[in-house]
Amino acid sequence: MTTNPIRVRFAPSPTGYLHVGGARTALFNWLFARHHGGTFVLRIEDTDDARNTGAAVRVIVDGLRWLGLDWDEGPGAGGDRGPYFQSQRGGIYAEYLDRLKTSGHVYEDGGSVRFRLPREMVVVPDLVCGDVAFDLSDAAIHPDPTIRRPDGSWIFHFVNVVDDAAMGITHVIRGEDHLSNTPRHIALYRALGIAPPHFAHIPLILNPDGSKMSKRDTGAALESYQTGGYLPEAVVNYLCLLGWSPKDNREKLATEEVVRLFDLANINRKGASFDAAKLDWLQGEYARELSDDRLVALGRAALEEAGVRPEGFPEDFVRAALLTCKGKFRFARELPAYAGFYFTDELSCDAEAVAKHFVAANRPRVEALRERFAGLPAFDCASVEAAIKECAASQGVKAGVLVHPVRLACTGATVGPSLYHLLEVLGRDKVLARMDRALASQWP
RNA sequence: GACCCUAUCGUCCAGCGGUUAGGACACCGCCCUUUCACGGCGGUAACACGGGUUCGAAUCCCGUUAGGGUCGCCA
């Protein structure tokens, strides 16, 4: 009763893809709504028949859901201010057009209908940009905008304003590309006798070279992150940092934390270049924190996709194998190369590493270790580690001298999970077999 | 072209009249270490330019330049 409840909306056009800038606009709207306990509305702007409203809408819905941005009203969520598809709101537009006709704010021109712009100064009180003044007095510079075509279809600027008004939107948070259109929108509200909402124009997302990121540019489609193996929390975190900051130099922030801190006043006015390297860093930060279950699910899928066949192995083995990789990767797609050795006995050893580690001097050392492994009462991580260290000590060498050849013999690579852990997971039989095989070759 | 927005390291941010101009990513060293990754330490690197205002300007004002946006019967 004391204040109007906040209502914001994300109003994408179903073009078949969701632009990463659009995703951030949705995110900022969502953050604003959640911060203030307001309502987040999803409205589909499908006035153009040419736009596919089936699969194209699904791309938007899937993208928003993936990011975790839930809407309170809109497709699939219901709401009493619908319909939430512009294609279904023709009656409402006709009604508002009548109001403008009655008040003398529109006129016909070649079959279409134009809105008579007031020839005056219009100030846009923008929550991000401050007061921005536009002089609409010259009709040659600001011609009366069309709001309805001869075929009866509606023009964006009109329906956008009507919908925001009819849906009780209190704050219009959108891309800066709309700032120059806003005086016309404000004029429309006034002609309708409705108080304009608050406006907040957020800066655009740019390509690394500073140009506007548009449809065709790399990384422009949110879907590329979904299919690219990114963790949604990493993408959300990164997007939050593009044009907004908590002001305390923190970079990694949980979404709930951003909801708590988010404020339109803290939004930057400068366009921001998309920095894929920083996103990837955050991806690594979140990958490190993956729960065991999620890591295993992601890892299994990645193995299958790469043609590594984990299904022939016991569930516990796959799980244990994948978990030895925790904290070591950014993208699940790195796992087949990193942990593939668990699932095949045909290791292709790195030639350079072989030349370095399978040297004559190491051979007796590895043989001794092999015998020690064979006699171990238990073949677990701790025993294996102790065995290697004791063996190295008795031979008067550092553990590394044994570690490297064993790793190479058992995994075929010089990089991989912790040796002690991977040996335990691999199991004594396979470890001994792989060491024997390596020992059977020539060690120059 | 007109109008509007913007201008701090390569990039993203901090700074809101007095700072050795800070952090993060990236990059380069060193350390830690069973490899890798992580982590730790250190380094390279910025106030676009020109005028003002002020005792004092990255911070305020004006201009220039540069970048972006808008000028549709696209959304």
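Proteins get letters first, then strands, A, B, ... in listed order; numbering begins at 1 in each.
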For [N] and [M], measure between their [atom1] atoms and round to the nearest Å.
N: B:C71; M: B:U54; atom1: C1'; value: 41 Å
N: B:U70; M: B:C61; atom1: P; value: 26 Å
N: B:U64; M: B:U44; atom1: P; value: 37 Å
N: B:G15; M: B:G40; atom1: P; value: 24 Å
N: B:A24; M: B:U65; atom1: P; value: 38 Å
N: B:G63; M: B:C5; atom1: P; value: 12 Å
N: B:A7; M: B:C16; atom1: P; value: 16 Å
N: B:A58; M: B:A46; atom1: C1'; value: 10 Å

Report yes if a side-chain nitrogen or oxygen of [X] is closer than 4.0 Å to either non-bridging phosphate oxygen (OP1 or OP2) of [N]; otherwise report no.
X: A:T411; N: B:U35; result: no
X: A:S273; N: B:U11; result: no
X: A:K247; N: B:G15; result: yes
X: A:R114; N: B:C73; result: yes
X: A:S180; N: B:G69; result: no

Between A:D109 and A:R288, whichever has its closest RNA chain B nucleotide further toward 5' is A:R288
If you find the nucleotide of RNA chain B closest to A:T414 and the one closest to A:D135, which residue's nucleotide is nearer the 5' end? A:D135
Of the listed nucleotides ([options]), which one gets closest to any side-chain atom of [X]?
X: A:H404; options: B:G23, B:U35, B:C5; result: B:U35
X: A:P150; options: B:U34, B:A26, B:C73; result: B:C73
X: A:W281; options: B:U70, B:C25, B:C12; result: B:C25
X: A:H157; options: B:C13, B:G69, B:A75; result: B:A75
X: A:E285; options: B:G23, B:A26, B:G39; result: B:G39
X: A:H178; options: B:A75, B:U34, B:G22; result: B:A75
X: A:L204; options: B:G69, B:C36, B:C25; result: B:G69
X: A:D275; options: B:U11, B:C12, B:A75; result: B:U11
X: A:I155; options: B:C74, B:A14, B:C5; result: B:C74
X: A:R330; options: B:A26, B:C13, B:C36; result: B:A26

Heavy-atom side-chain contact between A:Y93 and A:D163 under 4.5 Å: yes
Contact between A:S112 and A:P150 at the side-chain level, heavy atoms closer than 4.5 Å - yes or no? yes
Write down the distance between [atom1] ([X]) and [atom2] ([N]), rounded to a whole number of angstrom.
X: A:I388; N: B:U35; atom1: CD1; atom2: C1'; result: 12 Å
X: A:H201; N: B:C3; atom1: NE2; atom2: C1'; result: 15 Å
X: A:K215; N: B:A75; atom1: NZ; atom2: C1'; result: 11 Å
X: A:D217; N: B:G68; atom1: CG; atom2: P; result: 12 Å

With distance as the sole criterion, do the side chain of A:Y338 and the base of B:C36 form a donor-acceptor contact below 3.5 Å? yes
Once you apply a heavy-atom cut-off of 4.0 Å, does [X] come out as touching a base, just sugar-phosphate, or nothing?
X: A:A399; value: nothing
X: A:A133; value: sugar-phosphate
X: A:G400; value: nothing
X: A:D177; value: sugar-phosphate
X: A:G111; value: nothing
X: A:P417; value: base
X: A:N268; value: sugar-phosphate
X: A:K328; value: base

Tell me which one of A:T218, A:L206, A:N207, A:L204 satisfies side chain to side chain contact (heavy atoms under 4.5 Å, CB included) with A:M213. A:N207
A:P405 and its side chain to side chain contact (heavy atoms under 4.5 Å, CB included) partner, picked from A:L439, A:N362, A:L369: A:N362
Centroid-centroid under 6.0 Å between A:F40 and A:F32 rings: no
Does the gap between the ring centers of A:F274 and A:Y238 come in under 6.0 Å? yes
Applying salt bridge (Lys or Arg N to Asp or Glu O under 4.0 Å), can you list everything that pairs with A:R330, at least two apart in sequence or on another chain? none
Checking A:E367 against A:R365 for the salt bridge (Lys or Arg N to Asp or Glu O under 4.0 Å) test, could you report, in this order, the C-alpha distance in whole Å, the side-chain angles of both residues, the deciding distance, and whether it holds? CA-CA 5 Å; A:E367 282 171 338; A:R365 295 177 177 136; over 6 Å; no
